Every structure is written in structure tokens, then in C-alpha cells.
Chemist: 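Have a look at this one.
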Amino acid sequence: MRNITADPPPAPRRRKVIDKGFLVLLAFTVLGGIGVALKSGIGRVGEIAVETLGFIVVLGPKIAAGVFIAATLPLLLPRDRVATWIGRNSGLRGLTIAMLAGLLIPGGPSMTFPLAAGFAAAGADLGAIIAFVSGWSLLSLNRTLIWEFSFLPHDMVALRWILSLPVPVLLGLAVRALPLKVRT
Amino acid sequence: MNILIGTVLIGGAAIWMFLQLPNAEWRRASMVASVQMLKFMLPRMVTALLGAGFFAELLPEDRVQVMFGEAAGFSGLLLAAAMGPLTPGGAFVSLAIAAAALKTGAAPVAALAYVTSWSLFSLTKILAYEAPLMGRQEVIARIAVSWPVPLMIAAAGMLYY
């Protein structure tokens with residue numbers, strides 16, 4: 001954490017709430033809803049909507065905490081230090097750190113993506129972000145040990161995990177090698 | 001239970017972070033930034049999860065399982081990899097589908113491709129969380145480099161099976 005007592009906080013960045021991406025998503029959802037209405041009747045649409053909203057209410061505290069972390073982390077983390085650890089020039093070491101962080105964090109997507117957004121805003125580069133997200137997706141210890149081992153044959157889980165082990169760092173390297181211009 | 005543990009963990013992290021903010025001005029800035037982000041994220045998340053619910057009704061679990069349980073050979077692998085992102089819901093659903101497909105005769109490498117593909121590209125995760133929080137360009141870049149991974153893991157798995 002940086003010593004910020006004397007400094008004023010940075011101004012927030014504004015984003016348009018309704019953009020093309022949101023409208024496309026909305027169109028898909030409306031189409032899905034029409035599909036369900038045609039297949040199972042309009043009542044089923046209502047049931048699914050109520051179920052989904054119930055799920056979001058249960059997730060509510062987690063979403064609120066996740067958003068708070070994503071918005072606050074970049075205010076608190078020292079940008080230059082984050083850049084040294086997991087920035088553009090952090091090399092293999094930075095990608096490995098990001099991958100290990102993804103592997104170890106115990107939460108689901110409502111934990112992982114706010115953290116990733118926070119790190120990105122605090123100075124992590126796209127390679128490290130993708131190593132982190134892929135490390136969580138492919139190697140998450142929590143999911144592998146608790147869920148995967150209880151459903152799938154143990155040798156298959158072990159095989160999948162070992163084969164996936166080098167992947168997040170390789171993906172990070174691939175993204176760094178590509179001439180992508182991404183605003184994070 | 002799992003939701004409760006997760007909520008406690010993430011809530012604890014948020015409280016700790018709040019305590020790191022030095023004064024009222026910073027606390028207000030953090031709140032303003034949080035509300036901004038919530039305004040952006042919440043409509044997308046609600047829409048994506050509703051959509052996932054509708055598509056789960058249109059493409060029920062047993063249908064997915066039958067499709068990839070019957071598939072064989074390279075086209076079976078491709079199909080298994082393609083079903084990963086389309087599986088609505090969390091780890092519980094996709095792992096149960098993989099386990100059931102294995103029991104009904106799916107090739108182990110197809111299950112490897114399916115689980116890997118779901119892990120990396122679950123549409124529910126991408127639409128409800130990743131795109132709203134990280135932006136479309138990050139999602140595109142990640143998919144651009146990761147798309148061959150499920151097939152590569154399956155190909156490597158063939159050496160074992």
C-alpha cells in the first residue's frame with residue numbers, strides 16, 4: 001500500500017452505461033426469452049426471471065464487495081511497484097506471479113474479475129492479466145480439489161491440471177508478442 | 001455453503017481495503033468509483049444471467065450430455081470443445097455433464113477438451129463478469145490467443161489414453 005495521506009484522490013473515469021455491446025447482449029437475452037416463451041409458455045419466462053433475480057440477490061453482497069475491491073484497489077496500489085511486478089516489462093517472472101495468484105485465489109468469477117480489473121487499472125499489463133485469468137480458469141486449486149476431484153476420474157483431473165500448468169504463462173507471452181493495442 | 005464462504009472471504013478483503021483509505025476524501029473517491037463501476041456492470045450482469053437462464057431452458061443439460069456422449073473422433077472433439085462455452089451455469093453443471101458423458105461412453109479426451117473449453121470460455125462468465133469488468137478488447141485478445149488450448153490439451157491427452 002502506498003502512503004497517500006497527503007495526496008488528493010484521482011478523478012474517476014466515466015463510461016457510457018448503454019453502448020453497442022450492451023445492446024447486442026440485450027438482444028440475445030430478449031431472443032432467448034422469446035424462444036422460451038414459444039417453447040414453454042410465457043409463465044416459464046417469468047419463473048426463470050424470478051429464479052435469476054433471486055440468484056443475483058443471493059450474490060448481492062459478493063458483487064458489492066467485488067466491485068468495491070475492483071474500484072478501490074487501483075487507488076491504493078502503488079502504480080510503479082505494480083508495474084515492476086506484473087507490468088509490461090516484468091518478463092517471465094511477472095507472468096509466473098500472475099499465474100500463481102490466479103491458481104491460489106479461492107473465489108469464483110465474482111472475486112477473480114474484480115481483482116483482475118483492479119490490477120489492470122493499477123498498472124498490470126495485458127499479458128499478466130491474461131496469465132492471471134487463465135491461471136484461475138485452468139488451474140484454480142479450490143475448484144480442482146473440491147469440485148473436479150469429486151466428479152471426474154482422478155487420473156483425468158491430474159492429467160488435465162498438469163497439461164494446463166504451462167498454458168497461462170505461454171498465453172501471457174503470446175499476448176505480449178502480438179501487436180495488440182488494448183486500453184486497460 | 002460455498003457462496004457463504006466466498007462472501008465472507010471477499011467481504012473481509014473489502015473491509016480490510018476500506019480501512020486502508022486514509023481519510024474522508026479518499027473514502028468518498030472510492031465510493032464514487034465503486035458506484036460508477038456498479039452502474040456499468042449491474043445492467044450487463046443481470047442481462048447476461050437472464051440470458052443464460054433462458055438459453056439453459058432452450059438447451060437443457062441432458063441434451064448437451066447426449067450430444068457429446070455420442071460424438072466420436074475428431075468431430076466429437078470439436079463438438080465437445082464447442083459445447084464448453086455454451087454450457088450455462090457454474091462448475092457444478094459442467095463437471096456433472098462431463099462425468100455423465102464419460103459414463104455414457106464419451107471419449108476421455110473429449111471430456112478433457114470440454115472441461116478445458118468450459119473453464120476458459122464459459123459464456124456465462126464472459127458475458128456476466130469478464131466483458132463488463134475488463135472490457136471487450138481484453139476478452140477478444142484473450143480468446144485470440146487461447147482458442148486452440150482445449151484441442152491442444154486433448155491432443156496431448158491422447159498420448160496418455
Side-chain angles (χ1 to χ4, degrees), chain A residues 1 4-5 8-9 12 15 17 21-22 25-26 28-29 32-33 35-36 39-40 48-49 51-52 56 58 61-62 65-72 75-76 106-109 111 113-114 116-117 126 130 133-134 137-138 143 147-148 151-152 156 159-160 163-164 167 171 174-175 180 182-183, chain B residues 3 6-7 9-11 13-14 17 20 22-23 25-26 29-30 32-34 36-41 43-44 46-51 53-55 57-58 91-92 95-96 98-99 108 111-112 115-116 119-120 125 127 129-131 133-134 136-138 141-142 145-146 149 153 156-157 160:
Chain A
M1 296 294 139
I4 47 177
T5 320
R15 278 194 291 188
V17 173
F22 179 62
L25 181 61
L26 193 63
F28 271 107
T29 298
V36 172
K39 189 185 165 206
S40 325
I48 293 173
E51 272 168 38
T52 306
I56 292 171
V58 172
K62 240 170 140 177
V67 164
F68 176 76
I69 289 173
T72 310
L75 298 181
L76 288 171
M111 177 98 155
F113 289 110
L126 189 63
I130 283 173
V133 171
S134 310
S137 303
L138 291 168
R143 202 192 66 220
W147 294 107
E148 243 181 300
F151 277 100
L152 298 175
M156 173 183 279
L159 180 70
R160 190 197 67 72
L163 290 175
S164 303
V167 171
L171 294 178
V175 165
L180 292 167
V182 177
R183 167 196 58 79
Chain B
I3 278 197
T7 307
L9 272 174
I10 196 170
M17 210 168 275
Q20 302 301 313
N23 54 40
E25 196 185 358
W26 278 83
S30 140
V32 170
S34 302
Q36 286 278 333
M37 188 175 279
L38 197 64
K39 266 198 216 156
F40 186 82
M41 191 184 154
R44 283 163 179 72
V46 172
T47 313
L49 290 176
L50 264 179
F54 293 146
F55 280 97
E57 175 82 8
L58 296 173
F92 199 84
L95 293 173
L112 270 181
V115 173
T116 306
S119 305
L120 284 170
K125 279 189 276 188
L127 294 177
Y129 299 96
E130 190 176 10
L133 279 164
M134 312 298 300
R136 212 178 325 164
Q137 287 157 306
E138 186 273 351
R142 191 174 70 76
V145 292
S146 322
V149 170
I153 298 278
Y160 175 83

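Keep in mind it's a predicted model, so treat the numbers as computed, not measured. To find a chain, count down the sequence lines: A is the first, B the second, and so on, and within it residues start at 1.
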Chemist: Identify which of P108(B), A14(B), G51(B) forms the greatest number of heavy-atom pairs closer than 4.5 Å to chain A.
Modeler: A14(B)
Chemist: Looking at chain B, which one of G66(A), P61(A), A174(A), G33(A) has the largest number of heavy-atom pairs inside 4.5 Å, strictly under?
Modeler: G33(A)
Chemist: By a 4.5 Å heavy-atom criterion (distance strictly below it), what part of V46(B) contacts chain A: side chain, backbone, both, or neither?
Modeler: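 Contact with chain A is through both the backbone and side chain of V46(B).
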Chemist: Report the C-alpha separation of I153(B) and V167(A) in whole Å, then their side-chain angles, then the decisive distance to 0.1 Å, and conclude whether the side-chain contact (heavy atoms from CB on, under 4.5 Å) test is met.
Modeler: CA-CA 9 Å; I153(B) 298 278; V167(A) 171; 4.3 Å; yes
Chemist: Rounded to the nearest 0.5 Å, how far does CZ of R44(B) lie from OG1 of T29(A)?
Modeler: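 Those atoms lie 12.0 Å apart.
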Chemist: Which pair of heavy atoms, one from V145(B) and one from V175(A), lies closest together, and at what distance?
Modeler: CG2-CG2, 3.5 Å
Chemist: As an exercise, state the distance from OG1 of T72(A) to CD of Q20(B), rounded to the nearest 0.5 Å.
Modeler: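 Answer rounded to 0.5 Å: 11.0 Å.
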Chemist: To the nearest 0.5 angstrom, please state how far the CD atom of E51(A) sits from the CG atom of L49(B).
Modeler: 12.5 Å
Chemist: Report the distance from atom CD1 of I69(A) to atom CE of M37(B), rounding to the nearest 0.5 Å.
Modeler: 11.5 Å
Chemist: Where do F68(A) and M17(B) come nearest, in terms of heavy atoms and distance?
Modeler: CE2-CB, 4.3 Å
Chemist: What part of F55(B) gets closer than 4.5 Å to chain A, counting heavy atoms only: side chain, backbone, both or neither?
Modeler: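 The answer is the side chain of F55(B).
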Chemist: Over all heavy atoms of both residues, which pair between W26(B) and L75(A) is shortest? Give the atoms and the distance, please.
Modeler: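 Between these two residues, the closest heavy atoms are CZ3-O, 3.6 Å.
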Chemist: Of the non-hydrogen atoms in E57(B) and K39(A), which two are nearest, and what is the gap between them?
Modeler: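 Closest approach of E57(B) to K39(A): O-NZ, 2.8 Å.
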Chemist: With side-chain contact (heavy atoms from CB on, under 4.5 Å) as the criterion, how do I130(A) and E138(B) come out once you've worked through the C-alpha distance, each side chain's angles and the decisive distance to 0.1 Å?
Modeler: CA-CA 8 Å; I130(A) 283 173; E138(B) 186 273 351; 3.9 Å; yes
Chemist: Starting from the C-alpha separation in whole Å, work towards a yes-or-no answer on side-chain contact (heavy atoms from CB on, under 4.5 Å) for V115(B) and M156(A).
Modeler: CA-CA 11 Å; V115(B) 173; M156(A) 173 183 279; 6.0 Å; no
Chemist: For the pair T52(A) (side chain) and L50(B) (backbone), establish whether a donor and an acceptor sit closer than 3.5 Å, ignoring hydrogens and angles.
Modeler: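 It does not hold such a pair.
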Chemist: Say you draw a straight line from CG of L138(A) to CG of L120(B); how long is it, rounded to the nearest 0.5 Å?
Modeler: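 Going from the CG atom of L138(A) to the CG atom of L120(B) covers 4.0 Å.
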Chemist: Look at S30(B), G11(B), A99(B) and state which one has the largest set of heavy-atom pairs under 4.5 Å with chain A.
Modeler: S30(B)
Chemist: Taking all non-hydrogen atoms of both residues, which atom of L171(A) and which atom of S146(B) are closest, and how far apart?
Modeler: CD1-OG, 3.6 Å
Chemist: For the pair S119(B) and R143(A), evaluate side chain to side chain donor-acceptor pair (under 3.5 Å) and give the outcome as yes or no after the intermediate values.
Modeler: CA-CA 10 Å; S119(B) 305; R143(A) 202 192 66 220; 3.3 Å; yes
Chemist: G157(B) and L163(A): which non-hydrogen atoms are nearest, and at how many Å?
Modeler: N-CD1, 3.9 Å
Chemist: Heavy-atom pairs under 4.5 Å with chain A - which of L38(B), L112(B), I10(B) has more of them than the others?
Modeler: I10(B)
Chemist: Name the option with the most non-hydrogen atom pairs under 4.5 Å to chain B; the candidates are L26(A), V133(A), I48(A).
Modeler: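 When all of L26(A), V133(A), I48(A) are compared, I48(A) has the most.
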Chemist: Would a line drawn from the ring center of F92(B) to the ring center of F151(A) be shorter than 6.0 Å?
Modeler: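 So the answer is yes for these two rings.
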Chemist: Measure distances from L152(A) to the heavy atoms of chain B and classify the residue's part below 4.5 Å as side chain, backbone, both or neither.
Modeler: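 Interface part for L152(A): side chain.
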